[in-house]
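Okay, so here's the structure we're looking at.
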There are 2 protein chains.
Amino acid sequence: MDAEAAELKLLDTAERLFDERGVQSVGMDAIRTASGVSLKRLYQVFPSKDLLVEAVLRRRDETVRAALTAHGARVADGPYERALAVFDWLAGWFAEPEFRGCAFINTFGELGGVAPAVATIARDHKESLRAYLAEQTDALGAPPVLADQLALLANGAMAVAGITGSPEPAAQAKAAARVLLDAARP
Amino acid sequence: MDAEAAELKLLDTAERLFDERGVQSVGMDAIRTASGVSLKRLYQVFPSKDLLVEAVLRRRDETVRAALTAHGARVADGPYERALAVFDWLAGWFAEPEFRGCAFINTFGELGGVAPAVATIARDHKESLRAYLAEQTDALGAPPVLADQLALLANGAMAVAGITGSPEPAAQAKAAARVLLDAARP
DNA sequence: GCATCGGGAGAACGACCGTTCTCCCGATCG
DNA sequence: CGATCGGGAGAACGGTCGTTCTCCCGATGC
């Protein structure tokens, strides 16, 4: 197994284990066993656990941004529908059997107070969601605060769906978002 | 120091340290040093760290429920104002200098996957917030889903305020809540 | 006054974790 | 073919953590 394949397998494995059990409950040995990548190779590719954690979060950040944009472009035309489509995307995510909440909310809760890099990545990720929503609301001519409010609904849905295990918050948030969007129409 | 005073000091100290650094980053020795309670006494009162964590969360659960109810009864009359007052209470909380997010969201992210007791306490706590909001919306004759939606706004505000460090989400969520409440008026 | 008890301080213990090291094998290249 | 290199498996190391144990002191009761 070459370095590139090892990196991919490590990121996949670490992301899955971190999502399931949190970061600190997963030892490097568990990642090695589950990935089949030797410890030597692991530390060649990611010289420390901190760097692996950050790499996992950064890749997830890019994945989510791309998926959201792609979903919006695919299923919706126009900013109104694209803003609402965010909540359909959430619904699909929440319905995945292994869903256990947003990795950024969860990891910030665990490490945000002691790992500034993690806190920064989480902050940037949440800002990117807000910015994506702001693109849509700006195009509608709605006031800027609407994007923040839609982001609150989305993040609240992630938190509550993670804790309760129910996918319903996506639909509830979508309905609320529609009310806010309609009320803000110029 | 007797057992009762030790328990109080331990809960206070542990809650503060857990909020600052997360649970797993805080050793029992740090709690002992910061609280001034000896290890022997600590393990007399809380026979394991797991039990201490659960006790901290359970006390916080009661504190928050009581504070929310008291705040609602004090500053507002009528269900409409009481529902909105929840977000004023959030604003005061977010403005505290040591605020670093909701303990239940944070601890669920860290331990929810490996500590079922923690997951249950977090779930119950979030359900109690929803139930409190449902009391208000029911009194207004609004459809039941409105309480869920207000809870999503509140939880989204907690998550975003924790991650960004800004208290603004409280006001943004309150404005959105007002729109939803007005739209649901029979 | 002396034996007893409970508690404080912190050392000690066993487990685990992140990281590094050792040993060995198989491939590559002259 | 023989030397060299890179990597795999896992042992080893240093540190930390949760938990327990030891030692000592002061208070209490007869």
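Only a predicted model underlies this, so the values are computations on that prediction, with no experimental measurement involved. In what follows, chains are A, B, ... by sequence order, proteins preceding strands, each numbered from 1.
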Checklist entry - Hey, does the Lys NZ or Arg CZ of Arg60(A) hover above the aromatic six-ring of Phe18(A), less than 6.0 Å from the centre and inside 45° of the axis? => result no
Checklist entry - Where the side chain of Gln44(A) is defined as all heavy atoms beyond and including C-beta, which of dG7(D), dT19(D), dG7(C) is the nearest nucleotide? => result dG7(D)
Checklist entry - Is there a donor and acceptor pair closer than 3.5 Å between the side chain of Lys49(B) and the base of dG18(D)? => result no
Checklist entry - Of all the nucleotides listed (dT19(C), dT20(D), dG7(C)), which has the minimum atom distance to the side chain of Leu39(B)? => result dT20(D)
Checklist entry - Taking the six-membered ring of Tyr132(A), is the NZ or CZ of Arg82(A) close enough (under 6.0 Å from the centre) and on axis enough (within 45°)? => result no
Checklist outcome for this item: Closest to the side chain of Lys40(B), out of dG18(D), dG7(C), dG10(C), is dG7(C)
Checklist outcome for this item: Walking DNA chain D from its 5' end, the first of Val26(B) and Val37(A) to be reached, judged by nearest nucleotide, is Val37(A)
Checklist entry - So, do Glu54(A) and Asp50(A) sit near enough that their side-chain heavy atoms are less than 4.5 Å apart? => result yes
Item to check | Interatomic distance, Arg41(A) atom CZ to Glu7(A) atom CD [nearest 0.5 angstrom] | outcome: 11.0 Å
Checklist entry - Would you say the side chain of Arg32(B) and the base of dG10(C) hold a donor-acceptor pair, judged only by whether the two atoms sit under 3.5 Å apart? => result yes
Checklist outcome for this item: From the candidates dA11(C), dT20(C), dA9(D), the one with an atom nearest any side-chain atom of Ser38(A) is dA9(D)
Checklist entry - dG18(D), dT19(C), dG7(C): which one has an atom nearest the side-chain heavy atoms of Met28(A)? => result dT19(C)
